[in-house]
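Okay, structure first, notes after.
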Amino acid sequence: MDDGEERKSPAWWGRRAWELLSAVRARAPLVQCITNLVSMDIAANALLAAGASPAMLHCIREVPEFAPRCDSVCVNVGTLSEGWLPSMRAAASAGRPWVLDPVAAAASKFRMEACLSLLDLRPAVVRGNASEILALASRSSAAAAAGSNFKGVDSSHDSGDALQAAKALAQSTGSVIAVSGAVDYITDGEQVVGASNGVALMQKITATGCAVTALITAFVAVEPSDALVAAACALAIFGLAGEIGMESAKGPASLRMHLIDALYGLDEQTVTSRVKISIES
Ligand SMILES: Nc1ncnc2c1ncn2[C@@H]1O[C@H](COP(=O)(O)OP(=O)(O)O)[C@@H](O)[C@H]1O
Ligand SMILES: Cc1ncsc1CCOP(=O)(O)O
Ligand SMILES: [Mg+2]
């Protein structure tokens, strides 16, 4: 089978997900995260559990020196403030592969404009929930906020509702767009891949989306030539850790703990047999 044909097989995706996780464990990519205050701990611990090396630096006096020495950069606007935006822009312009998490993009005009200006700096991947991707694609906080029962950082849409918006956004920006949910959809504007690992209770742990965006950033560091594959594999691996964590969890707090343990302990047999990724179109 040629690579194109192979990509359609679940076995190919399982092998690729294991190869990329193994590469993160072997190379321990240095991942700078300019991320929100809520997500710092879970994002750093998810990166460590996966084998990466997180660095949560955001000072504008350090970013121009530090970001170019990193393997990849994660920018997350969850607790955006005017003082942090120059650091985000400097890190996104440092010449390293970088990933954007447009948390609550529709919350305000300021936040939407910040997200759009960061989009202009060409992230390799944008990962958001369905409401965030819909808002970005409409390039308006007012339209999105007014048109839906706006839920702040949470989504009031399903990922399938944002699939066309994700494709359009990928075409207009040149970034790979990942819209998370019960099925995570990842698209480059042409191809659409679905990753359907995960458990619904992950939504009840704050900053799981931020954590998976950080994990995507580590996967992009070890696979910079194919951001779509990197994002799909990271989302499936994180969702699989949630499934395994759920086998021991009693609620969201213990799921948070067991998910991180599961991410740390994933083995080849489990990954290659349980990752659920497929070409949707
Ligand atoms: N209904 C669901 N079933 C399974 N996994 C889910 C579900 N909703 C979200 N997830 C997973 O939880 C994580 C956070 O996704 P999501 O809640 O969409 O992002 P955010 O936290 O940014 O709003 C992702 O890994 C996603 O795949
Ligand atoms: C609650 C909250 N407020 C600002 S950022 C944040 C965390 C959002 O995390 P996620 O987007 O992964 O749900
Ligand atoms: Mg989020």
Side-chain angles (χ1 to χ4, degrees), residues 17 33-47 49-50 56 58 74-81 84 88 99-108 110-111 114-115 125-136 144 148 150-163 165-166 177-186 193-219 231-246 249 252 255-256 258-260 262-263 274-277:
C33 297
I34 302 184
T35 192
N36 66 73
L37 303 173
V38 179
S39 67
M40 296 261 191
D41 177 87
I42 192 171
N45 277 301
L47 285 169
M56 299 359 216
H58 65 266
C74 179
V75 173
N76 177 308
V77 300
T79 47
L80 181 65
S81 66
W84 283 44
M88 294 177 173
V99 176
L100 173 65
D101 190 323
V103 180
S108 67
F110 168 63
R111 184 175 290 240
C115 288
V125 181
V126 179
R127 197 290 319 168
N129 64 42
S131 296
E132 291 158 350
I133 298 303
L134 283 164
L136 281 186
S148 64
F150 179 57
K151 285 272 188 297
V153 305
D154 292 328
S155 186
S156 48
H157 299 85
D158 295 331
S159 50
D161 301 332
L163 185 48
I177 307 296
V179 50
S180 53
V183 177
D184 301 318
Y185 293 108
I186 307 97
V193 174
S196 46
N197 293 95
V199 292
L201 195 60
M202 292 167 74
Q203 296 171 90
K204 295 300 179 190
I205 304 166
T206 192
T208 45
C210 304
V212 77
T213 300
L215 189 65
I216 291 170
T217 313
F219 276 55
C233 290
L235 280 157
I237 287 280
F238 191 76
L240 176 55
E243 288 172 19
I244 297 169
M246 195 67 210
L255 176 56
R256 186 182 191 279
H258 289 299
L259 183 156
I260 291 172
L263 184 56
R274 291 184 60 173
V275 150
K276 286 184 272 185
I277 301 174

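Counting starts at 1 for both ligands and their atoms, following the listed order.
Within the 4.5 Å cutoff, the side chain of Pro102 has heavy atoms near those of the Val126 side chain. Contact annotation: the side chain of Thr208 approaches that of Ile205 to within less than 4.5 Å [non-hydrogen atoms, C-beta and beyond].
In terms of protein heavy-atom proximity, atom 16 (P) of ligand 1 is closest to Ser180 OG, 3.5 Å. Nearest protein neighbour of atom 25 (O) of ligand 1, counting heavy atoms only, is Phe238 CD2, 3.5 Å. Looking only at heavy atoms of the protein, atom 6 (C) of ligand 1 is closest to Gly181 O, 3.5 Å. Here the heavy atom of the protein found nearest to atom 17 (O) of ligand 1 is Gln203 CG, 3.8 Å.
Heavy atoms of Thr206 come nearer than 4.0 angstrom to ligand 1 in no pair at all.
Heavy-atom proximity to Gly198, at under 4.0 Å, picks out these atoms of ligand 1: 4 (C), 5 (N). The ligand atoms of ligand 1 that sit less than 4.0 angstrom from a heavy atom of Met202 are 12 (O), 25 (O).
An N or O contact shorter than 3.5 Å links Gly209 to ligand 2 by distance. When only interatomic distances are considered, the shortest N/O to N/O separation between Asp184 and ligand 1 falls below 3.5 Å. Here's the thing with Glu132: none of its N/O atoms is less than 3.5 angstrom from an N/O atom of ligand 1.
Rounded to the nearest 0.5 Å, atoms CG (Leu134) and OG (Ser155) are 7.5 Å apart.
Remark: of the listed residues Leu201, Asp41, Asn45, Asp41 is the sole one forming a side chain to side chain contact (heavy atoms under 4.5 Å, CB included) with Arg256.
Heavy atoms of Arg127 found under 4.0 angstrom from ligand 1 belong exclusively to the side chain.
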